[in-house]
Every structure is written in C-alpha cells, then in structure tokens.
Amino acid sequence: MPKLKIYLDSSVPSAYYDKQKPARQKITQKWWDEVMKRDYTVYISQVTETELNATKNLHLRENLRNLVGNLPVLEIPDNAKGLAELYIENDIIPDEYFNDALHIAVATLNGINILASWNFVHLVNLETRRKVKGINLVKGYNEIDIASPEELGGGKYV
C-alpha cells in the first residue's frame, strides 16, 4: 500500500525548534525523526518556504531551512488563490489569515491526503475540517484531512 501524502505548514518545522513549548517540541522532534518520513511521503510548499524564510532569527532560519531542505516543494497552482478565497468567503478561515487558507488549497489541489499543522485556531479543529471537506466536495476536489503531528503518530511521545 502506498504511503499517504502529507503536507507540512510552517508550524510543524517551527515546532521542532520551539523551546517555549517543550512538550510540543518533543512530540514534533520524535515524530519527525521516527515517524514522519517512515510512514508518509512528505511535502512542503512555496508558502511554507516563504513563511520559514521570514523568520527573523538568522540562526533559527538556517536551522529551519536545513530541516526542510530535502523535502519536495509544491508549487502554488494557478487556481489555489481562488480556492483559498472560497475558504475565506465561506467563513472557514478569517480573511486576515490568507496563508492558512492557501496552505489548505495548495495541499488540496496537489492531491495531498493530510495537512499537518500545530495551528489549532484556524486549521486543526473539527469545524474547519468539516467545512473544508464540504467545500472540496461541492467543488469536486478530493477530501483532505487536517491533523496535528500528535494525531499522526506523535501522541505516543507525550
């Protein structure tokens, strides 16, 4: 059986180095090192790269670049911005968080099975999952799951 395709938004690699949230950091590191690449085919996108490159701390930015450096980078499809706007227009993602909607759209349009994130406010929650599935169904796109690394096998490291 082929591995599921997983897309990482910038919160996942960022959590790898986030000492301010040690439990989340431990889960992320263990999941990244022991589960992620073994169990999934992993991708990031140009959106993820742009967000990571905006990291002000130069040392941290370099660490983040090295961490994701070998992962395939998905381009932003032409229709991704329109789909992201649809998520916003339907009150799934607030308009001031366009990149969150764009992460979902890029993953959806590239046939990704799961978007992994630590963003529980706008992404990893039941309401967002249900509404995104509804929009994708109506528009003829594949369903996408949205989950945290903890849900994707990292929970055993709590």
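Predicted, not measured: the structure shown is a model, and the values here were computed from it. When reading the values below, keep in mind they use all heavy atoms of this one structure, side chains included, and skip hydrogens, waters and symmetry mates. This chain uses plain numbering: 1 for the first residue, then up along the sequence.
Side-chain atoms of Tyr17 and Thr28, non-hydrogen and from C-beta on, never get closer than 4.5 Å to each other. Side chains of Ile114 and Lys5 form no contact here, defined as non-hydrogen atoms less than 4.5 Å apart. Looking at heavy atoms from C-beta onward, Ile93 lies in side-chain contact with Leu123 at the 4.5 angstrom threshold. Residues Trp32 and Pro149 have side chains not in contact (no heavy-atom distance under 4.5 Å, counting atoms from C-beta outward). When side chains are defined from C-beta on, Pro94 does not count as touching Ile88, because their heavy atoms never get closer than 4.5 Å.
Using a 3.5 Å distance cut-off with no hydrogens or angles, the side chains of Asp9 and Ser117 do pair a donor with an acceptor. No side-chain donor-acceptor contact under 3.5 Å links Trp118 and Ser14. Thr128 and Asn125 are linked by a side-chain donor-acceptor pair at a separation below 3.5 angstrom, with hydrogens and angles left out of the test.
Across every non-hydrogen atom of Ala101 and Ala84, the tightest pair is CB-O, 3.5 Å. Across every non-hydrogen atom of Ile135 and Leu86, the tightest pair is CG2-CD2, 3.8 Å. Nearest heavy atoms, Pro77 versus Val106: CD-CG2, 4.3 Å. Among all heavy-atom pairs drawn from Ser148 and Val124, the shortest one is N-CG1, 3.8 Å.
Atom CG of Asp78 is separated from atom CG of Leu109 by 10.0 Å, given to the nearest 0.5 angstrom. Taking CZ of Phe98 as the start and NE2 of His103 as the end, the distance is 11.0 Å to the nearest 0.5 Å. Note that the CD1 atom of Ile112 and the CG atom of Leu74 stand 5.0 Å from one another [nearest 0.5 Å]. Atom-to-atom distance recorded for Ile144:CD1 and Ile6:CD1 is 9.5 Å, nearest 0.5 angstrom. Going from atom CG of Leu4 over to atom OG1 of Thr41 covers 8.5 Å, rounded to the nearest 0.5 Å. The line from CH2 of Trp31 to CD of Glu150 is 12.0 Å long, rounded to the nearest 0.5 Å.
With hydrophobic clusters built from ILVMFWY side chains whose heavy atoms lie under 4.5 angstrom apart, Ile92 shares a cluster with Phe120. Both Ile44 and Leu60 belong to a single network of hydrophobic side chains, linked directly or stepwise wherever heavy atoms of I, L, V, M, F, W or Y lie under 4.5 Å apart. Linking Ile, Leu, Val, Met, Phe, Trp and Tyr residues whenever their side-chain heavy atoms come within less than 4.5 Å leaves Val47 and Val121 in two separate clusters.
A distance-only check finds no donor-acceptor pair linking the side chain of Thr55 to the backbone of Asn57 [under 3.5 Å]. Looking only at distances, a side-chain donor or acceptor of Asn119 sits under 3.5 Å from a matching main-chain atom of His122. At least one donor-acceptor pair closer than 3.5 Å links the side chain of Gln25 to the backbone N or O of Tyr16.
Between Lys3 and Asp39 there is no salt bridge, since no side-chain nitrogen of the basic residue lies less than 4.0 Å from a carboxylate oxygen of the acidic one. Look at Glu151 and Arg129 and you find a salt bridge, because one of the NZ, NE, NH1 or NH2 atoms lies within 4.0 Å of a carboxylate O, short of that distance.
Under a cut-off of 6.0 angstrom, the local environment of CD in Glu75 is sparse, with at most 12 non-hydrogen atoms contributed by other residues, nucleotides or ligands. Under a cut-off of 6.0 angstrom, the local environment of CG in Asn70 is sparse, with at most 12 non-hydrogen atoms contributed by other residues, nucleotides or ligands.
Residues in residues 130-144 take part in these side-chain hydrogen bond (donor to acceptor under 3.5 Å, both in side chains) pairs, two or more places apart or across chains: Tyr87-Asn136, Thr108-Asn136, Glu127-Lys131, Lys133-Asp145.
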Under the side chain to side chain contact (heavy atoms under 4.5 Å, CB included) criterion, do Val68 and Leu64 qualify, and how do the steps go? CA-CA 6 Å; Val68 301; Leu64 290 167; 5.9 Å; no
Would Leu71 and Tyr43 count as a side chain to side chain contact (heavy atoms under 4.5 Å, CB included) if you check the C-alpha gap in whole Å, the side-chain angles of each, and the deciding distance to 0.1 Å? CA-CA 6 Å; Leu71 299 178; Tyr43 300 87; over 6 Å; no
Can you list the steps and then say if Leu52 with Arg61 is a side chain to side chain contact (heavy atoms under 4.5 Å, CB included)? CA-CA 7 Å; Leu52 295 176; Arg61 185 185 322 152; over 6 Å; no
As a quick check of understanding, evaluate side chain to side chain contact (heavy atoms under 4.5 Å, CB included) for Arg24 and Asp18, giving each step before the final call. CA-CA 8 Å; Arg24 186 176 77 169; Asp18 188 358; 2.8 Å; yes
